[in-house]
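What follows is one structure encoded as structure tokens, with my remarks underneath.
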Amino acid sequence: MTVNLSKGQGISLQKADGGTLTAVRMGLGWQSAPRRGLFGSRTKEIDLDASAVLFAGDQPVDVVFFRHLVSDDGSVRHTGDNLVGGAGKGGDDEAILVDLQRVPVHIDQIVFTVNSFTGQTFAEVQNAFCRLVDETNGEELARYTLDGGGAYTAQIMAKVHRSGAGWAMTAIGTPANGRTFQDLMPAILPSL
């Protein structure tokens, strides 16, 4: 059963049978919003990028994104860059896989961001979402919908963080501006 998250809402990542999740996938999907023109509706290709910033306390120690597809320790892996979005397919256009059992103990938070590398605002994007999937069985656990568009080019979507002996997810949903995860660091830090 999927939980639709709103900004700031969190969920535990404990399984229904009392076990803990071992591997999750953070999926990102989107479409270009149609624009009305002289000759009807057209869409413009939009390159959204998913990134995962690994933190130890409030210090970033590693990042996974389209130019660094695997974390230094191998626990987090990006499946590759999608330059145009889903064109209505509804699935994940980019995904980041996290092997929670392999995340080093000093890493206590992984923050997921999305940014428009080509610089378009989210007013030009539709059906954008971020979702967390149990990678062992494909079950969608949580979904955060990027709604309302807006005159910004990035969003701090969600974070997975240690909670007791397990992990939890919190939807952040903070709009920001920037073409890369480096541009977003000032917006990420208040969410830790």
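Along the sequence shown, residues are numbered consecutively beginning with 1. Only heavy atoms go into these numbers, but all of them, side chains included; no hydrogens, no water, no symmetry mates.
Side-chain atoms of Asp49 never come within 3.5 Å of backbone atoms of Asn115 as a donor-acceptor pair (strictly under, hydrogens ignored). Proximity of a side-chain donor or acceptor of His68 to a complementary backbone N or O of Val63 within less than 3.5 Å is detected. Side-chain atoms of Glu94 come within 3.5 Å of backbone N or O of Ala50 as a donor-acceptor pair. Under the 3.5 Å distance criterion, the side-chain polar atoms of Arg77 are left unmatched by any main-chain donor or acceptor of Val98. Distance alone, capped at 3.5 Å, places no donor-acceptor pair between the Ser116 side chain and the Thr153 backbone. Arg131 places no side-chain N or O within 3.5 Å of a backbone atom of Met26 that could act as its donor or acceptor partner. Between the side chain of Arg162 and the backbone N or O of Ile107 there is at least one donor-acceptor pair closer than 3.5 Å.
Counting heavy atoms from C-beta outward, Thr170 and His161 have side chains that approach closer than 4.5 Å. Looking at heavy atoms from C-beta onward, Phe181 lies in side-chain contact with Val53 at the 4.5 angstrom threshold. Between Val70 and Val76 there is no side-chain heavy-atom pair separated by less than 4.5 Å. Contact of the Thr174 side chain with the Ser191 side chain is registered, since non-hydrogen atoms from C-beta on lie closer than 4.5 Å. Using a 4.5 Å heavy-atom threshold, the side chains of Phe112 and Val160 count as touching.
Once rounded to the nearest 0.5 Å, the distance linking CG of Asp108 with OG of Ser163 reads 11.5 Å. Distance check, rounded to the nearest 0.5 Å: CH2 of Trp167 to NZ of Lys159 gives 11.5 Å. Note that CG of Leu54 is 9.0 Å distant from CG of Asp72, once rounded to the nearest 0.5 Å. Taken from CG in Leu100 to OG1 in Thr22, the straight-line distance is 7.0 Å, to the nearest 0.5 Å. Separation of atoms CD1 (Ile96) and OG (Ser71) is listed at 10.5 Å; rounding is to 0.5 Å. Here CG of Leu48 is found 10.5 Å from CD of Gln155. Values are rounded to the nearest 0.5 Å.
Among all heavy-atom pairs drawn from Ala176 and Leu184, the shortest one is CB-CD2, 3.9 Å. Between Gly57 and Gln109, the closest heavy-atom pair is O-NE2, 3.6 Å. Nearest heavy atoms, Ile156 versus Ile172: O-CB, 3.5 Å. Considering every non-hydrogen atom in both Ile110 and Ala52, the closest pair reads CG2-CB, 3.9 Å.
Pairs engaging residues 172-192 under the salt bridge (charged side-chain N to carboxylate O under 4.0 Å, His left out) rule: none recorded [sequence neighbours left out].
Under the salt bridge (charged side-chain N to carboxylate O under 4.0 Å, His left out) criterion, Arg25 pairs with Asp92, Glu135, not counting sequence neighbours. By the ring-ring contact (aromatic ring centres under 6.0 Å, His included) test, Phe55 pairs with no residue at all, sequence neighbours left out.
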Checklist entry - Going through the checks in order, is the side chain to side chain contact (heavy atoms under 4.5 Å, CB included) test met by Val64 and Leu69? => result CA-CA 5 Å; Val64 173; Leu69 294 175; 5.6 Å; no
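Hydrophobic clustering (side-chain heavy atoms under 4.5 Å, transitive across Ile, Leu, Val, Met, Phe, Trp, Tyr) groups Val103 together with Met169.
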